[in-house]
Structures are given as structure tokens and as C-alpha cells.
Amino acid sequence: MATAEGQQHPIGVYLWIWGLLFVLSLFSYLVDYFHLEGMLRWSLILLFMMLKAGFIVAIFMHMKWERLALIYAILLPPVLVMVFVALMVLESDYTHWARETYFVFGA
Amino acid sequence: MITALIIILVAVGSVAFHLMSPWWWTPIASNWGFIDTTIIITFWVTGTVFVAILFFTGYCIWKFRHREGVKADVEYEPENKSLETWLTIGTTIGVVIMLTPGLFAWKQFITVPEGADEFEVVAQQWQWSYRLPGKDGVLGKSDVRKITPENPFGINADDPKGKDDVLIESDDLHLPIDRPVKVLLRAIDVLHDFYVPQFRAKMDMVPGTITYFWFTPTKVGNYEVLCAELCGVGHHAMRGMVVVDNDSDYRAWLAEQTTFGQSLAKAQQQKSIDLASTTDRATSEKKVSAQ
Amino acid sequence: MADATHDDVGYVPPAEIEEQDLYHAKSWITKYVFCQDAKVIAIQYSITAIAIGLVGLVLSWLMRLQLGFPEAFSFIEPDDYYQFITVHGMIMVIYLLTALFLGGFGNYLIPLMVGARDMVFPFVNMISYWVYLLAVVVLCASFFVPGGPTGAGWTLYPPQAILSGTPGSDGGIILMLVSLALFIVGFTMGGLNYVVTVFQARTRGLSLMRLPLTIWGILTATVLALLAFPALFVGAVMMLLDRILGTSFFMPSIVELGEHLSYGGGSPILFQHLFWFFGHPEVYIVALPAFGIVSDLISVHARRNIFGYRMMVWAIVIIGALSFVVWAHHMYVSGMNPYFGFFFATTTLIIAVPTALKVYNWTLTLWRGDIHLTTPMLFAIGFIVTFVNGGITGLFLGNVAIDVPLSDTMFVVAHFHMVMGVAPALVIFGAIYHWYPKITGRLLDETLGKFHFWVTFLGAYLIYFPMHYLGFVGVPRRYFELGDTQIFDQSVGDLNAFISIVTFIVGFAQLVFFFNLYRSYSKGKEAGPNPWRACSLEWQTAETPPGHGNFGKELPLVYRWPYDFNVPGAKEDFIPQNMSQSEAFPKRKAAAKTSRSRAAKK
Amino acid sequence: MNLLRELTDKPWIATEGIPGAGQEQKMLSAVSSGRAAIKWLFGVGSVLFFLLIVSYGERMTYEDWRPLPESKLLWFNTIALISSSVAMQWAVIGGRRDEIDDVKIGMLSGGITAVVFLAGQLLAWRQLVQMGYFETTNPAIAFFILITGLHALHIVGGLIAWGRTAQKVWWRGCEAGQIRGSVELCAFYWHFLLVLWLVLFGLLFAGNNNLSIILAICGLR
Ligand code: HEA
Ligand code: HEA
Ligand code: CUA
Ligand SMILES: [Cu+2]
């Protein structure tokens, strides 16, 4: 709702965020570099990814300066859809893995 | 008056019933005491809240009941932020107290320890059969489409690991005590569920995939297997038996069992006789369990 | 009342639907049979739902006969038993409770409580009822096809639902799925109507936050139903294709009794996901209207404003939203990806927090109220007790590790009967005692009502509280009989017999209720327009029962929320929603204002 | 969008004076309720087809999956559906300008192209049968039949509403002003079905399964 200052956010903000994005990417890279494994690896990578996506949507796509309701209306459904899709992908991969491991196909 | 009393009595009676009930869980015979502990924790938390709410309700009903001719001193208070906040926080704490041990127990439940012995349970309408990995410790691959009267488990005959698999085509299985086992569960027709109350563990068996759980039997004895997922008219009659043996008994039992390789050879010898009797058996069994 | 203010500043008529004439019945048939008046449709829905509900009730007695006295009734075979539980569960959850709460109470109360003349699309509304009736007829028809109705459990899990080891796999399952699809189509028509009516046809001054909680409950439940039923629809249609065309959506390679079937590749678990993506919201679909109605009952009969109204609304909405991300708590031991357990256990237990707040607020509404222990109030209190008890056992099941031993045992059966069978049923009874005077103009008999309450409440508690302990013992659900077994000793059978006996006593009490309904219709005490001295709009209609177009010549104007009981300074202990400030506080307008703004600051 | 603000209102504060006095008077119209109803219907439909897409994606993983044979016909059908939507929009614009002839042209061509689309879909089914692909055990085919079938049913529903409007235009000879609302509702529904089809077509049936590509891009598979 803060439209008054919203129209003229300083260029500095963009630069800051831009820099931050680089730093975050660096972190993701470091996760790889230090061979972090298992849950830790994936949670870190996901965290950095989410942060980056969040910054991009918030700053570069001007979401930060939108109304709260709009933010929810635009962001919530895709997030939910992504959660559902991710869950179902995990599920089918699990079944697939079980079949590959214990059953023999074809032949 | 009476209403308030009865509400309080419901609370007191429920607690009394809980304390004196002859119906309680079977003595545990596996390593899943953690699950029982979690249940007890949950009982404490929820029981306290249940009793508290009922007492409060009963008290309100008694104290603020309408009395003819007495002007009630009713409060007009739409909301009370701080009270609601505190109640939220309190409830959240209660949830955390219950959830944390629950999640730890689940983590344990799905993480099979290194070196656990594997065996397979195969379910079909309405009977159990079992497969042990044999000397090599690995189960041969299987496929429902390979099931024939000679090969009721559908083991892939081309898989060398399958030849020494021990097949137990009866409802009874023996297990050695104190050794962690990973139970691989497989169904060839519909959903079933391998459930032994004393082990606390259970898991559905799903055609088209393999499911698992693990446990360590901790007490020698005979334990009845129940099917816990509706699987048709014979569901309630689908019973089996797990016998937990000490080591020597177990080895004696194991020595009597036949392997896949042996049964295959035997089957080749008297193919025709076998075929007839298996189909016979399947149909007669259906009749029996349908009753 | 509203008329008194007309000479105030310029009068603003309430919003009405401009292009649409009110539906006018022309003959007896169009007035009582093919009627488009929401009130009549509501009655039609309710009668149909209760009638089919009685079938469900009778089925439950048959089941209890078998479970309580396993050897005694030879006419119940395993086939029959499994058909009974399936149809019982399905009827109770969908054809009774969903239809009664949304089709029955929704149709009756929404237009009245939001100050509208009717639903926005009366014609669609009528069709909705007839499609529902058709669904019920198709369901009943399955009793008469060869093989009987399906016996796959109300969850209808494939593969067993469509294979021959399950009773009713020829015709029964097909009719079941078709009936469900019809129900969904019919409900969607009705549901769109309810939602649009609440959002668009509210009368002037009735902001969302001035809606009675009943409407909030019904509205949210309707939205849930609209978004959840498609999952069941998809599942049902896919299973129909598997059954009829031999596709393999849910069917892997299967050997049934030594015979290879021509299915392959599918995953049965996918159906379970679809079913519970519908099924869990479904249980809140029957719970949320109950939450809403009980809030109103408590507030009216305790003569006190509902405590924490805003929290109550948010809680309803949050519960509704969260109910879409907990579905897999029904699948902890289904063989799905085990890591889901962490996610779904957490979301499931989070739901307990808003629900708990609702419970607290109900009890806090009693605090410092002026409690009239009328029959509706008794039912509301009974609801609190049974709901808390059943909700708490839900926490056991939701906590994934605890669910492992308890899943698929009688513990689950006890949980959901307490929380869904008993608690909302008590609310339905309370609601009928509460609104019967508005519908018929006469009060139900209080003495009979209290008798009905005590037997039903205490009886149902005696049925289901001990049943949890059968679950601890390990008695699985859906067992035709326990048979010869080592682990269940005689005491288990005794408890089962006890439960069955209480069931029949409770069943008998329902006859008293129906007798009450019947007798009070002609002999009951005249109620007058507002026997409970309640504030919400349905009690302020010109006629009782409300006439054509609900509100006579003019729609009411709304000045306040529906919970203004015992407002300091008011001349009576309640202020109807359509009473203006000057009328409510005739003497000292200014003084009243300050006292109210004091309340407002809190 | 002021929903959120409304939800934080303090409901226990009563209105002084007349509710809504001084505000512009809003009359509720059948069209605005119709629009609201259709929007909710979109929600229902979206969930329905979203679940189908998810099921498709999950079934796709398994070993017996064979992708759908490509069909040029579907591209043609897509174009038909797009033109149908455009035509309906034409009718809407005509209605707004009070040009009954434009309404008629738009409605007629919109209806015809919709029927063409349906016929095309039917032809696509027949093609699959003739190519010998119609084995019900092939899950991709089964999904194709199911999804296009449900979508077609939605179109048929739209055509019924279209018929009611058309009857007003041609038989009852209504003015442009009288049927403007119904035409707009029809077109609104048409656009929704078009978007739905584009999503389904783009994700599942156009070329080689773009769904798996998208999943791969998201790192999900
Ligand atoms: C109206 C219907 C209804 C409602 C409201 C609920 C409410 C809940 N249900 Fe229930 N449930 C069903 C109907 C319902 N359920 C049905 C029909 C089934 C079985 C289906 C089948 O398999 O056939 C089922 C099955 C079921 C299962 C699956 C069991 C299994 O099959 O293995 C689970 C597991 O998580 C569960 C959990 C819960 C939880 C956590 C709640 C929560 O929402 C409860 C929240 C309420 C409270 C918590 C009480 C109030 C709170 C307090 C008094 C404060 C105290 C709280 C704390 C300290 C935290 N339910
Ligand atoms: C709302 C839902 C509801 C209701 C009210 C009931 C009511 C009852 N149910 Fe049922 N039941 C289910 C939903 C319900 N049930 C479901 C979903 C299943 C699972 C099916 C499956 O496994 O697939 C099930 C399964 C089930 C079983 C388990 C079978 C098994 O697993 O082996 C049993 C066993 O005792 C049982 C018994 C009863 C009894 C004795 C009653 C009652 O008689 C108890 C007494 C209660 C009352 C007397 C209240 C009656 C009020 C109404 C019915 C409302 C009618 C309204 C008006 C008259 C206005 N039910
Ligand atoms: Cu096997 Cu139930
Ligand atoms: Cu649930």
C-alpha cells in the first residue's frame, strides 16, 4: 500500500539485491564444493534457492511494493501447486525405485 | 446442577475407566517400546487438557446457570487478546511435547539398522507365505507375472540370487530372537496388512510395489499375525503365526525348509501331479475361508 | 424495527437482484415438489438425507448384532457384513451428513441469515436436489442388483474394490461410483449457489464479519467441498474405467486366485492419495458447519456474545485451508514414501491449534454467561465433550509413530465415530430443536427432548469411549468376527456385547425424537417469531414460518453483529441485528455510546 | 482484495445511523452473480484437471509407459478452439456496441467452431483406434481419452448455455442490450475452457510430453 515511496525505490536497492544474489549463488556452490551430503545438502540448496527466488520476486518483480492480499493471491496458489506436484513426484519416484529394486521387468 | 455434575462425572469416569480398564495393549515383544512411551506422553498431555476442559465446562454450567428471578451478571467481552494468545502458546507447547518424540520414533521406525536380516512376506487372498534369502543373504528378484503353480512366489528363475531362497508356503514363520529383521512386504492380488499386535509394527502390503518395516523380536513365543487391511470376504480369517525361537530351535526349523532351487527341481519331476493339486488347493481354500 | 428508522437520513434500500423475478409457485406440484424456494428445497434435502440416514442407522444395528453376538445371527454372512459397513460409512458421511448440513441447513439458513429473499440461482438449486435424490436412488438400487452393493469399505480402495474377492464387484461397485459422481455433480450446483449467495446477496450492512458463525461454517465447508470433491470425482471415474474398460490407472499386475489378470503398471496408492485428498477435507466438511452452528447455539442459550468471534472466523478459515495439506495422515501405513510421515504428522498436529482455540472459546462463552439449559444448549454441551474427546484421540493418530500400532484398529473407528458420528449428530439434533420453531411455528417438547439428549449423549459416549481400548488391545477394524484366536480373550467379546446393547438403547431414544418431531408438529407449544430471543436475522422475519420471499415487503437493514446479548445499557438482554442504535438504546444514547466504545477498545 | 482488511474488522461495533447510507447504491445483477458463479466453477474445474495432470505425471514414471503418438489433428483442433473463443469475444464486443448483427455473427461462428473442435476430438479418438493404438492397457491412451473426454463434456455444457442464449437471439428476437449479459457469460466460460485446453494440450499432448521436461527443469525429476 505504500505506493508513495513505492514508485521511486532507489537504484541502490537493486544493486544490493543483485549482489546478494551472487553471494547466495556462491553459497550454493560452496555446498557442492565441500561435498555436504544427505539431508543437509538438500535443505541448504533448497534454502538458498528459495531465498533467491524470493528476492527476485519481491524486488525485481516489485512484489514487495504490492498489497498484502495481492501477494497472497499471487504467490500462494503456485506454492501450493508446487508442493503438491513435488509430493506426488516424490511418491511416484519412490514406487518406481521400489519396483526397480525388487522386481524384474520385461524379460 | 445435575448437568454440571454429570459432565464432571464423565471426566472422572473416563479417567477411572482408563486406570482400571482390563483392556490394554498386549505385552510388547519387540524393540518398539519407544512407541508405547510416546503414547503414554500423549495420554498425559491430552488427558490433562480433557479433564481441565470438562471441569471448567462443568463449573461454568453450575456457576452461571440461569436462575429465575435472579438478575444475571453477564459480562460483555467480545474478545481478550492476551488470553487467546496465551492459550495459543500453551496449546502449541502441548503439540510440540507430543510431536517431538513421535517424529523421533518415526525416524527410528523407517531407518533400518545396518546388518538387519531381510525376509519377505507374501500375501494373497487369504493366506500368508514367506521367503527367506538363503545362504547368500539376498532375495532373488521377483515378478508377479512370473507366478505359476510351480513358482508361486514369482521368483525370477534367471536370477542366481534366487536359487537358494527358502520358501515357506504355510502361514507360520519362525524368527530368531534378538536379531533385527527387515520385513519386506509384497502382495500379489489386493491390499493386505501384516500386523502382529505384540510387535506394535504394521504396514500395508501393496500389489505392484514393496513396502517394509523393521523390528527386533525380544521375547520367545508364538505371535498371531492379523491382516489389518480389508482384502475381501476372507479378511477377518486371514491369520498366520510368527514363532520367535531361540537360536538353536531356529536353526533346526530352518534346516527343514526347502529352497527355490529344490522345489523347482522337484516340480519338474512331477509337473503334472503338482499342477492338479495346486489348483485344487486354491479353490478349496477359497471356499474354506469364505465361510 | 427497521421501518422505524425510515425517517432518519435518506433511506437506502438493500441490494436486491434486479433482473431476476422471485420465483412464484403456481400449483401444488411446483410449490412442494418441483419447487425453487430454498426453504422447501431445504426440507426436501433434509427429509431425504434423514431417510437414507435411517438406512445407515439400521445397517449399524445389523453390524452391531454381528459384532456383539458373533455366533447368534446366522443370516449375516461375511459378504453381508462387509456390504453393511461400506454402505453404512458411505451413507453416513456423504449422503446424510454432507447433504443435511449443506443441502439442508445450508439451504434453509443461508438466505435467511444473510437477509436475502432466496438463493441466487433458484433453478440450479432445484436441479441440485433432484440430482442428489437420483444419487440416493442409484445407491439404493445397488441393494437390488445381483451381488448386492459393494463391500469394499467406504474408502473403496482398489484393487480389491473391483476384483471378485470383494462382494458387490459386479454391479454394486459400478452403481456406487456412479452414485458418487452424481452426488458430486449435484452438490457442485448447489455449492456454487451457496457461495455466490453468501458473497453477493447479503443485505445492506451485513459485512462478512457480521455473519453468524453458522454461515461461516457452512460457507467454508462449501468451499472445501467444491475444491475437494473433484478429487473423488477423478478417482471414481478412473476406477470406473479400470473396472469397465480394463484400463490400468490404479491396477498393477495381479494374480488373483492363481489367475493372471490383464492389468499392469498402475499404482493403487495413487487412488489413496486422490481419495484422501478428498476424504480429509470431507471430514471437516461435516465438522465445520457443526462448529458454526454450535457457536450460535451456545451464544444464544448462554445469553452472552460468542467469545473471540474474530478468532473463531479465522480458525474456521485456517482449519479449512490446512485441511488440504494433511490428507496423507490416513496413509501412514499405506506403503507410501515413508518420509512423508514427517511432513504430514507436523501439519496434522498444527491443525489441533486452531481447533483447540475454538474449543476454548466455546467454553469461555459459557464463562459469566446466563446459561439456560434448554435442549439445544444441552446438545451443544454434549458436542463439546464428545468433540474434545474425539479430537484428542485424533492427536494420537496424527502422531505418525503412534498411528503405526493403532491404524486400522477399532481405535480409529472409535475416534471417528466420536468426532464425526456423535459430535456433529448431536449438533444436528441441537440445531433441529433450535430451528424447528422457525420452520414449523411450534416448539419441540422439552421433556422428551431432554430424555432424548441424555440417552443419546451418555449412550454414545458409552459406546465409543470403551471402543478405543479395543483398539489398544489390537482388535482390527472391518472384522466380521474375531474367530478362534489367542490374543483376544473373552473380555473383548464381552465389551463388544456391551457396546451392542447400548447401541440398541440409543437407537430406541431416536424413536422418541421422531415421535417428538411428529407430535409437536401439530400439538407443540406455539413458538412465536423469536422464542429463544436470538439476534440473527432468521428470527426477525415478518411471518413464522417465513413466508414467500422470506422478509415480507422489505429486506432488513443490518446494524450490528448477531451476538449482542446482554449489552450494557440496552433495554433488553438481546438486540436484533436489524435494530438501530437509537432504538436499542432509547434513553441514553450518548451514555450507551461510551460504554460500547469501552467494549470496543478491548 | 479488501477481503483481508474486512476480516480484521471489529464486528461488535455497531453502525451508527443507516448502514450503507451515503455509499453508492449497488444493485446486484444476474450477470454479476453469474460471473461470480463461473469464477468459482473455474476453481472447481482447475482442481479437477490439475489432479488429472498430477495423476498423469505420477503414472508416467512407471515402466510400462509408452508416450502418446503425435497427432497433427490436435493442432488443428486447438486452432478451432482458439477461433471459437475469438468469435465469442467478437459477439461480446458487438453486444457492448449494441450491434446485434455482430452478436449474431460472433455467436454463430463461435458455436460452429466449438462443434468443429468437438468433432475433431472425436476424430482424434478414432484415429487412435484405427492406428491400433487403442489398447486400454496403454495408460497414455487411457489418460488421453479420459482427459479429453472430460474437457469435451465441459464444452458440451457450454454449448447448452450457448443454445439458451442463441434461442433468445434468434427465436425470441431479443435486442443486443437484453442478451449482452448472457453473451458475456458464455464468452467468459469459453475463454476458461480455452485456457484449460491450452494447458492440457501444451503439457500433455503437444509433442513429446512437455510435462516431464518441466519437471526436469524444476529439478523434480
Ligand atoms: C468430523 C470428522 C473428523 C474430525 C473433525 C477429525 C479430526 C481429526 N482427525 Fe480424524 N478421522 C475421521 C474424521 C474426523 N477426524 C474419519 C472419518 C477417519 C477415518 C476414515 C477411515 O479410515 O475410514 C479419521 C481418521 C483419522 C486418522 C487416520 C487414522 C488411520 O486410519 O490410521 C488420523 C491420523 O492422523 C486422524 C487425525 C485427526 C486429527 C489430528 C484431527 C484434529 O482435527 C482434531 C483436532 C481437535 C482437537 C485436538 C480437540 C480440541 C483441542 C483441545 C481440547 C486442546 C487440547 C489439544 C492439545 C493440547 C494439542 N483422523
Ligand atoms: C457420521 C457418520 C457415522 C455415524 C453417525 C455412524 C453411526 C454408527 N456407527 Fe458407524 N461408521 C462410519 C460412520 C458413521 N457411523 C464410517 C465412516 C465407518 C467406516 C466404514 C468402513 O470401514 O468402511 C463406520 C463403521 C462402523 C463400524 C465399524 C465396522 C468395522 O470396522 O468392522 C461400526 C461398528 O460398530 C459402526 C457402528 C455404528 C453405530 C453403532 C452407530 C450409531 O448407531 C451410533 C449411535 C449414534 C446415534 C444414534 C446418532 C444417530 C444420529 C444420526 C444417524 C443422525 C441422523 C439424524 C437425524 C435422525 C436427524 N460403524
Ligand atoms: Cu488380507 Cu485383509
Ligand atoms: Cu483426516
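Here is how names work: the chains are called A, B, and so on, in the same order as the sequence lines, proteins then strands, and each is numbered from 1.
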Interface moiety of [X] toward chain B, non-hydrogen atoms closer than 4.5 Å:
| X | value |
| --- | --- |
| Phe250(C) | neither |
| Tyr82(C) | side chain |
| Ser267(C) | neither |
| Asp370(C) | both |
| Pro476(C) | side chain |
| Leu261(C) | neither |
| Leu163(C) | side chain |

Would you call the rings of [X] and [Y] parallel, tilted or perpendicular if under 30° counts as parallel and over 60° as perpendicular?
| X | Y | value |
| --- | --- | --- |
| Phe64(B) | Tyr59(B) | perpendicular |
| Phe457(C) | Tyr461(C) | tilted |
| Trp561(C) | Tyr563(C) | perpendicular |
| Phe43(B) | Trp24(B) | tilted |
| Phe213(B) | Phe109(B) | parallel |

Q) Quick one: do the Tyr360(C) and Thr91(B) side chains pair a donor with an acceptor below 3.5 Å? A)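 Yes, Thr91(B) and Tyr360(C) have a side-chain donor paired with an acceptor closer than 3.5 Å.
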